[in-house]
Colleague: 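Handing you this structure, nothing more for now.
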Amino acid sequence: MRKIMATINMTLDGHCDHTDVIADNELHRHFNELLKNAGTILYGRTTYQLMEASWPPIVLHPTGQAPIDEFALLIENIEKIVFSRTLKTLSWKNSRLAQASLEEAVRALRAMQGKEIFAGSPSLIAALSNMDLIDEYQLALQPLVAGKGLILFKNHTHRLNLRLLQTKILSSGVVILYYARS
């Protein structure tokens, strides 16, 4: 059975916005190591469109910064499943629209052989968390207060007890928190 992992950047005040974080080479190297174990990434429409606008152009025109260029290649080649009621087609390589509900699709993916499943959108992480389908949370806690944006666990409906597995501190002040469900 495949593990489902929530991986996301968030600020000290709980906001999740990929455009509002310290995305230096060290953070990219961290996420590159995670992506090497990913078989599938789950996205909602908003995060998918943000990522699609950012990374395919770097595959075509590398930045010259090895960790960023490697991230672009890794994410390009991973299966991406998008949950959206409005998108009808996707153009990013290895991307497809989900054909089933979130719960049905994730349970089917979990039962298949393969590498880990990553949830990379705040709305999907919250929904999967409410369904008790996330095995591990890897939160990159950014050393800033955003004061705005989507709060990751705003709509969480029940108590969620977690067990700290490890921490990792980056030179930028980002702290990676690894939690498993208790």
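Atoms considered below: every heavy atom in the structure, side chains included; atoms not considered: hydrogens, waters and symmetry mates.
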Colleague: If you look at every heavy atom in Leu27 and Ala140, which pair is closest and at what distance?
Modeller: CD1-CB, 4.4 Å
Colleague: Mind checking whether Leu74 and Ile58 sit in one hydrophobic cluster, side chains of I, L, V, M, F, W, Y counted as touching below 4.5 Å?
Modeller: yes
Colleague: For Ser54, give me all partners under side-chain contact (heavy atoms from CB on, under 4.5 Å), at least two apart in sequence or on another chain.
Modeller: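 Here no residue qualifies.
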Colleague: Between Leu141 and Ile176, is there a side-chain heavy-atom distance shorter than 4.5 Å?
Modeller: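 No; the side chains remain at least 4.5 Å from each other.
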Colleague: Tell me, do Arg107 and Leu133 make a side-chain contact under 4.5 Å, heavy atoms counted?
Modeller: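 Side chain of Arg107 against side chain of Leu133, heavy atoms only: contact under 4.5 Å found.
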Colleague: Looking at Ala119 and Leu128, what are the two nearest heavy atoms and their distance?
Modeller: CB-CD1, 3.8 Å
Colleague: Rounded to the nearest 0.5 Å, how far does CZ of Phe118 lie from CG of Asn37?
Modeller: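 It is 6.0 Å, given to the nearest 0.5 Å.
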Colleague: Of all residues at least two apart in sequence or in a different chain, which pass the ring pair (Phe, Tyr, Trp, His ring centres under 6.0 Å) check with Trp92?
Modeller: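 Applying ring pair (Phe, Tyr, Trp, His ring centres under 6.0 Å) to Trp92 gives Tyr48.
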Colleague: With a 4.5 Å cut-off on side-chain heavy atoms, are Asn9 and Phe31 touching?
Modeller: yes
Colleague: Honestly curious: do Leu60 and Ile68 fall in one hydrophobic cluster under the side-chain, below-4.5 Å linking rule?
Modeller: no
Colleague: Among residues two or more places apart or on two chains, list those pairs meeting side chain to side chain donor-acceptor pair (under 3.5 Å) that have a residue in residues 115-128.
Modeller: Thr47-Ser121
Colleague: Are the side chain of Asn32 and the backbone of Pro67 linked by a donor-acceptor contact shorter than 3.5 Å?
Modeller: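 Yes, because the side chain of Asn32 sits within donor-acceptor range (under 3.5 Å) of the backbone of Pro67.
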Colleague: Quick one: salt bridge (charged side-chain N to carboxylate O under 4.0 Å, His left out) partners of Lys148, sequence neighbours excluded?
Modeller: Asp20
Colleague: Hey, are the side chains of Leu160 and Tyr179 touching, using non-hydrogen atoms and a 4.5 Å cut-off?
Modeller: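 When only atoms from C-beta onward are counted, Tyr179 and Leu160 do not touch, as no gap falls below 4.5 Å.
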Colleague: Could you work out, with salt bridge (charged side-chain N to carboxylate O under 4.0 Å, His left out) as the rule, every residue matching Glu52, not counting sequence neighbours?
Modeller: none
Colleague: Quick one: which residue pairs count as a salt bridge (Lys or Arg N to Asp or Glu O under 4.0 Å) with a foot in residues 31-42, not counting sequence neighbours?
Modeller: Glu33-Lys36, Lys36-Glu70
Colleague: Determine whether Val174 and Pro143 make a side-chain contact, defined as any pair of heavy atoms from C-beta on separated by less than 4.5 Å.
Modeller: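 Touching, per the 4.5 Å side-chain cut-off.
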Colleague: Provide the closest heavy-atom pair for Ile8 versus Gly120 in the form atom of the first, atom of the second, distance.
Modeller: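 Ile8 and Gly120 have their closest heavy atoms at CD1-O, 4.4 Å.
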Colleague: Measure the NZ-CG distance between Lys168 and Leu177 for me, rounded to the nearest 0.5 Å.
Modeller: 12.5 Å
Colleague: Atom CG of Leu42 and atom CG of Leu124: how far apart are they, to the nearest 0.5 Å?
Modeller: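 Answer rounded to 0.5 Å: 6.5 Å.
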Colleague: Say you draw a straight line from OG1 of Thr7 to CD1 of Ile125; how long is it, rounded to the nearest 0.5 Å?
Modeller: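 So the gap between those two atoms works out to 6.0 Å.
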Colleague: Looking at Gln166, I'd like to know if its CD atom is crowded, meaning that more than 12 non-hydrogen atoms belonging to other residues, nucleotides or ligands lie closer than 6.0 Å.
Modeller: yes
Colleague: Please collect all salt bridge (Lys or Arg N to Asp or Glu O under 4.0 Å) contacts where either partner lies in residues 129-147, sequence neighbours excluded, each pair once.
Modeller: Lys3-Glu136, Arg110-Asp135, Asp135-Arg181
Colleague: Looking at CG of Leu50 and CH2 of Trp55, how far apart are the two atoms once the value is rounded to the nearest 0.5 Å?
Modeller: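 It comes to 10.0 Å.
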Colleague: Strictly by modelled atom types, are Ser95 and Tyr43 linked by a side-chain donor-acceptor pair under 3.5 Å?
Modeller: no
Colleague: Under the rule for salt bridge (charged side-chain N to carboxylate O under 4.0 Å, His left out), what residues qualify as partners of Arg29, not counting sequence neighbours?
Modeller: none
Colleague: Filter on salt bridge (Lys or Arg N to Asp or Glu O under 4.0 Å), then keep only pairs touching residues 77-95, sequence neighbours left out; what's left?
Modeller: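 Checked against salt bridge (Lys or Arg N to Asp or Glu O under 4.0 Å) - neighbours excluded - the pairs reaching residues 77-95 are Glu79-Arg96.
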Colleague: Below 4.5 Å, heavy atoms only, C-beta onward: do Thr46 and Leu150 meet side chain to side chain?
Modeller: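 They are not in contact (no side-chain heavy atoms under 4.5 Å apart), so the answer is no.
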Colleague: Check side-chain contact (heavy atoms from CB on, under 4.5 Å) between Ile78 and all other residues, then give those that pass, not counting sequence neighbours.
Modeller: Leu35, Ala38, Ile41
Colleague: Once ring pair (Phe, Tyr, Trp, His ring centres under 6.0 Å) is applied, do any residues pair with His158, and if so which ones, sequence neighbours excluded?
Modeller: His156
Colleague: Counting N and O atoms only, with roles assigned by atom type, does the side chain of Asp13 sit under 3.5 Å from a partner on the main chain of Val145, one being a donor and the other an acceptor?
Modeller: no
Colleague: Could you check whether any side-chain heavy atom of Val106 comes within less than 4.5 Å of a side-chain heavy atom of Met131, counting everything from C-beta outward?
Modeller: no
Colleague: Would you give the length of the straight line joining atom CD1 of Ile134 to atom CD1 of Ile4, rounded to the nearest 0.5 angstrom?
Modeller: 7.5 Å
Colleague: For Ala98 and Phe83, work out which heavy atoms get closest and say how close.
Modeller: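 For Ala98 versus Phe83, the nearest heavy atoms are CB-CE2, 3.2 Å.
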Colleague: Treating Ile, Leu, Val, Met, Phe, Trp and Tyr as nodes and any side-chain heavy-atom pair under 4.5 angstrom as an edge, say whether Leu34 and Leu170 lie in one connected cluster.
Modeller: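 They do share one cluster, since a chain of ILVMFWY contacts under 4.5 Å joins Leu34 to Leu170.
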Colleague: Sequence neighbours left out, what passes salt bridge (charged side-chain N to carboxylate O under 4.0 Å, His left out) with Arg45? Give chain and number order.
Modeller: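 Arg45 satisfies salt bridge (charged side-chain N to carboxylate O under 4.0 Å, His left out) with no other residue.
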Colleague: Give the minimum heavy-atom separation between Ala53 and Pro57, together with the two atoms involved.
Modeller: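 So the two residues come closest at O-CG, 3.6 Å.
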Colleague: Just by distance, with hydrogens left out, do Glu26 and Ser172 show a side-chain donor and acceptor under 3.5 Å apart?
Modeller: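 Ser172 and Glu26 do not have a side-chain donor-acceptor pair below 3.5 Å.
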Colleague: So, for Pro56 and Met51, which heavy atoms are closest and what is the spacing to 0.1 Å?
Modeller: CD-O, 3.8 Å
Colleague: Any link between Leu102 and Phe153 through a network of hydrophobic side chains (Ile, Leu, Val, Met, Phe, Trp, Tyr) touching at under 4.5 Å?
Modeller: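 In one cluster with Leu102: Phe153, yes.
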Colleague: Just by modelled atom types, is the Ile22 backbone N or O under 3.5 Å from a matching donor or acceptor in the Gln142 side chain?
Modeller: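 Yes; judged by distance alone, with no hydrogens or angles, the pair exists.
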Colleague: With a 4.5 Å cut-off on side-chain heavy-atom distances among I, L, V, M, F, W and Y, is there a chain of contacts connecting Leu164 to Val175?
Modeller: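 Yes, it is one cluster - the side chains of Leu164 and Val175 are joined through contacts under 4.5 Å.
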